[in-house]
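As a basis for the values below, the full set of heavy atoms in this structure was taken, side chains included, without hydrogen atoms, waters or symmetry mates.
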Amino acid sequence: MSRIQVRDGFLVLMAALWCADESGVLPIFLLAAAVHECGHLFVIRLSGGTVHALCLTACGAVLRCSLPPSPFSRAAICLAGPAASFALTALANPLGAYRLAGASALLGLFNLLPVPPLDGGMALRHLADGRFTRLLNGIAGVSVLVLLAGGVLLWRAGGGGWMAFVSAAIAVRNCRIHGRGQKG
């Protein structure tokens, strides 16, 4: 990998989360996220791809890389992050690192949602190889609506609005990508 880029939004997000993190889970989530990204990096290298940069943004980590042409290899790369997350969960749980196991499981499950740019959505896009675009867009739209509804219900029940915020951010990003006619 030639370089790591850190965007201003990532720094602002980390500062805000650090100030709001009363229970000390931010470092645990950052470790879980690092293991998740290492899963992607490992399978990119294994499949003959090349990583050019890792960009840390307010919406997460983005790998800029040259991928192998096979849709199956590309899907495997997408699914390697959640697989690494679940492997960390399986290792951390018996060791009594329950917060790390939970954070890693949550990260893996969230990334399997069938919504681009998340790993599950991107894996489906690669496997579909340009087909079923309307179906995949419909699945992504329904998933975002379910997330948004769940977030609103949690917020109304006093659980905070984080899920509604995350789903709204994903929805806005998807609208921007598909509104410009880009493949997502």
Distance (rounded to the nearest 0.5 Å) between [X] [atom1] and [Y] [atom2]:
| X | Y | atom1 | atom2 | value |
| --- | --- | --- | --- | --- |
| Asn111 | Met122 | CG | CE | 12.0 Å |
| Leu88 | Asn93 | CG | CG | 10.5 Å |
| Leu79 | His126 | CG | NE2 | 9.5 Å |

Taking all non-hydrogen atoms of both residues, which atom of [X] and which atom of [Y] are closest, and how far apart?
| X | Y | answer |
| --- | --- | --- |
| Pro116 | Ala140 | CD-CB, 4.1 Å |
| Leu107 | Ser85 | CD2-OG, 4.1 Å |
| Pro94 | Thr89 | CD-O, 4.5 Å |
| Gly39 | Ala84 | CA-CB, 3.7 Å |
| His52 | Cys65 | CD2-CA, 3.5 Å |
| Val115 | Val144 | CG1-CG2, 3.8 Å |

Sub-4.5 Å side-chain heavy-atom contact between [X] and [Y]:
| X | Y | answer |
| --- | --- | --- |
| Leu112 | Phe86 | yes |
| Arg74 | Leu127 | no |
| Leu106 | Phe29 | yes |
| Pro27 | Asp21 | yes |

Does [X] use its side chain to pair, donor to acceptor, with the backbone of [Y] at less than 3.5 Å?
| X | Y | value |
| --- | --- | --- |
| Ser104 | Leu100 | no |
| His36 | Gly81 | yes |
| Arg131 | Ala128 | yes |
| His40 | Ile77 | yes |

Please answer: with hydrophobic residues joined when any side-chain heavy atoms are less than 4.5 Å apart, are [X] and [Y] in the same cluster?
| X | Y | answer |
| --- | --- | --- |
| Val6 | Leu63 | yes |
| Leu30 | Leu13 | yes |
| Leu41 | Leu67 | yes |
| Val62 | Leu54 | no |
| Leu56 | Leu26 | yes |

Candidate pair Cys78 and Arg125, rule side-chain contact (heavy atoms from CB on, under 4.5 Å), full reasoning: CA-CA 10 Å; Cys78 292; Arg125 301 278 169 162; over 6 Å; no
Quick check on Arg134: does its CZ atom have over 12 non-hydrogen neighbours (other residues, nucleotides or ligands) under 6.0 Å away?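 It does not: Arg134 CZ has 12 such atoms or fewer within range.
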